[in-house]
2 protein chains.
Amino acid sequence: METRLDLVFAALSDQTRRAILTMLLEDDMAVTDVAEPFDMSLAAISKHLTILSRAGLITQEKRGRVKWCKLDPDALREASVWMQGFGQFEPVNLDAFERFLEEELRDEA
Amino acid sequence: METRLDLVFAALSDQTRRAILTMLLEDDMAVTDVAEPFDMSLAAISKHLTILSRAGLITQEKRGRVKWCKLDPDALREASVWMQGFGQFEPVNLDAFERFLEEELRDEA
DNA sequence: CGCTTATTTAACCGATTGGTTGACGATCGC
DNA sequence: GCGATCGTCAACCAATCGGTTAAATAAGCG
């Protein structure tokens with residue numbers, strides 16, 4: 001049986017999809033705009049978005065011919081709870097996270 | 001390019017492997033003992049352990065003919081930092097985690 | 001209406017995944 | 001040394017993945 005947690009972690013295991021989530025952290029975006037920075041077909045991005053959507057990490061709403069993608073952090077929270085359970089972590093270091101973010105964005109460029 | 005984070009999330013995306021990590025939370029274990037509760041060949045478990053090991057989530061040390069598996073939460077911390085960056089999370093709810101743990105263990109049984 | 005833009009679908013491809021079985025190399029106990 | 005145990009390796013299998021191109025669907029624009 002495939003659990004929600006399976007889907008979330010599988011969705012997060014791809015750099016392209018993590019980069020998409022990072023982009024959506026800034027603002028909601030249309031599919032075409034999500035695809036723009038990537039060296040990849042629109043169809044491929046569409047598939048990635050489907051995977052993120054099935055995992056519950058984003059929601060998609062169609063207005064007119066444009067489909068808007070919006071981050072939905074609920075699923076992430078669930079996964080985060082699972083991970084934090086392994087315990088020996090210091091309180092979250094946001095500086096470390098920002099370095100991470102920059103690195104991910106740099107890799108993508 | 002396959003990053004560390006790719007490997008960690010991919011490793012976590014399988015219920016069997018998450019259950020193994022949960023077991024190792026209690027104590028270090030030999031490969032055969034890890035395999036015991038699962039309805040799956042020893043070779044399959046051996047592969048799962050290799051994946052966890054390459055992701056840095058466990059370390060394995062051979063003493064005699066027994067190979068001991070030990071949880072190594074460093075890689076998890078890295079992934080956790082990434083996730084927490086999505087921010088809108090309440091401080092970690094350990095009760096929620098314990099419910100999760102119980103559920104995972106129940107699923108496995 | 002007819003063109004353009006937005007997005008998904010279908011068919012295909014090679015690589016990877018998660019499992020199997022069977023053979024194999026190491027190591028322990030006797 | 002001999003037999004049992006520990007664990008991995010190799011070959012195989014069906015299913016999924018991450019990408020492609022080409023066609024199809026849908027909606028806005030003039």
Side-chain angles (χ1 to χ4, degrees), chain A residues 1-21 23-24 27-70 104 107-108, chain B residues 1-21 23-24 27-70 104 107-108:
Chain A
M1 186 214 2
E2 192 151 61
T3 71
R4 161 59 69 92
L5 220 39
D6 288 342
L7 293 174
V8 171
F9 283 127
L12 292 177
S13 74
D14 183 280
Q15 212 164 2
T16 300
R17 288 192 291 263
R18 288 198 308 276
I20 290 174
L21 292 178
M23 289 161 58
L24 292 178
D27 209 348
D28 301 355
M29 294 177 83
V31 174
T32 307
D33 295 332
V34 169
E36 198 272 331
F38 296 99
D39 187 21
M40 191 182 304
S41 72
L42 190 60
I45 296 294
S46 180
K47 282 190 185 179
H48 281 305
L49 290 171
T50 301
I51 291 171
L52 289 170
S53 183
R54 279 212 245 275
L57 291 167
I58 65 171
T59 56
Q60 291 180 286
E61 181 198 353
K62 193 162 184 175
R63 279 205 299 273
R65 54 180 170 173
V66 173
K67 200 163 184 180
W68 292 92
C69 306
K70 182 185 177 62
E104 288 261 322
D107 287 354
E108 179 204 326
Chain B
M1 187 213 359
E2 192 149 65
T3 70
R4 161 60 69 94
L5 219 40
D6 288 343
L7 294 174
V8 171
F9 283 128
L12 293 177
S13 74
D14 184 279
Q15 214 164 0
T16 302
R17 287 192 293 263
R18 288 198 308 277
I20 291 174
L21 291 178
M23 290 161 58
L24 291 178
D27 209 350
D28 300 354
M29 294 178 82
V31 173
T32 307
D33 295 332
V34 169
E36 197 272 332
F38 297 98
D39 186 22
M40 190 181 305
S41 70
L42 187 61
I45 296 294
S46 179
K47 282 189 187 182
H48 281 306
L49 291 171
T50 301
I51 290 171
L52 289 170
S53 183
R54 278 211 247 275
L57 291 166
I58 66 169
T59 55
Q60 291 180 288
E61 182 199 355
K62 193 161 185 176
R63 280 205 299 274
R65 56 179 171 175
V66 173
K67 199 165 183 177
W68 292 93
C69 306
K70 182 185 178 59
E104 288 261 323
D107 287 354
E108 176 206 330

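Chain identifiers are assigned alphabetically (A, B, ...) following the order of the sequence lines, protein sequences preceding nucleic acid strands; residue numbering begins at 1 within each chain.
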> How many Å lie between CG on B/D6 and P on D/dC17, as a whole number?
15 Å

> Using atom NZ of B/K47 as one end and atom P of D/dA11 as the other, report the distance to the nearest whole Å.
12 Å

> Not counting sequence neighbours, list each pair that qualifies as a salt bridge (Lys or Arg N to Asp or Glu O under 4.0 Å) and has a residue in residues 27-55 of chain A.
A/D28-A/K70

> 5' to 3' on DNA chain C, which nucleotides open and close the contacts with chain A (atom under 4.0 Å from a heavy atom)?
C/dT4 to C/dA11

> Could you report the tightest heavy-atom contact between B/L49 and B/V34, atom names first, then the distance?
CD2-CG1, 4.4 Å

> When rounded to the nearest 0.5 angstrom, what distance separates CG in A/L21 from SG in A/C69?
10.5 Å

> 5'-most contact on DNA chain D: A/E2 or A/R63, nearest heavy atom basis?
A/E2

> Measuring only between side-chain heavy atoms, which start at C-beta, is A/L5 closer than 4.5 Å to B/Q15?
no

> Quick one: label B/R17 by what it contacts on the DNA or RNA (base, sugar-phosphate, nothing), any heavy atom closer than 4.0 Å.
sugar-phosphate

> Whole angstroms only, please: what is the CE-P distance between A/M40 and D/dG19?
4 Å

> For nucleotides 3-7 of chain D, tabulate all protein N/O to nucleotide N/O atom pairs closer than 3.5 Å, reporting atom names and distance.
{"residue": "D/dT5", "atom": "O2", "partner": "B/R65", "partner atom": "NH1", "Å": "2.9"}
{"residue": "D/dC6", "atom": "O3'", "partner": "B/R65", "partner atom": "O", "Å": "3.3"}
{"residue": "D/dG7", "atom": "OP1", "partner": "B/V31", "partner atom": "N", "Å": "3.4"}
{"residue": "D/dG7", "atom": "OP1", "partner": "B/K67", "partner atom": "N", "Å": "2.7"}
{"residue": "D/dG7", "atom": "OP1", "partner": "B/K67", "partner atom": "O", "Å": "3.3"}
{"residue": "D/dG7", "atom": "OP2", "partner": "B/T32", "partner atom": "N", "Å": "2.6"}
{"residue": "D/dG7", "atom": "OP2", "partner": "B/T32", "partner atom": "OG1", "Å": "2.1"}

> For B/M23 and B/P37, work out which heavy atoms get closest and say how close.
CE-CG, 3.8 Å

> Hey, are the side chains of A/L57 and A/L12 touching, using non-hydrogen atoms and a 4.5 Å cut-off?
yes

> Considering only heavy atoms from C-beta outward, does the side chain of A/V31 approach that of A/Q60 to under 4.5 Å?
yes

> In Å, rounded to the nearest 0.5 Å, how long is the span from CD1 of B/I20 to NE2 of B/H48?
6.0 Å

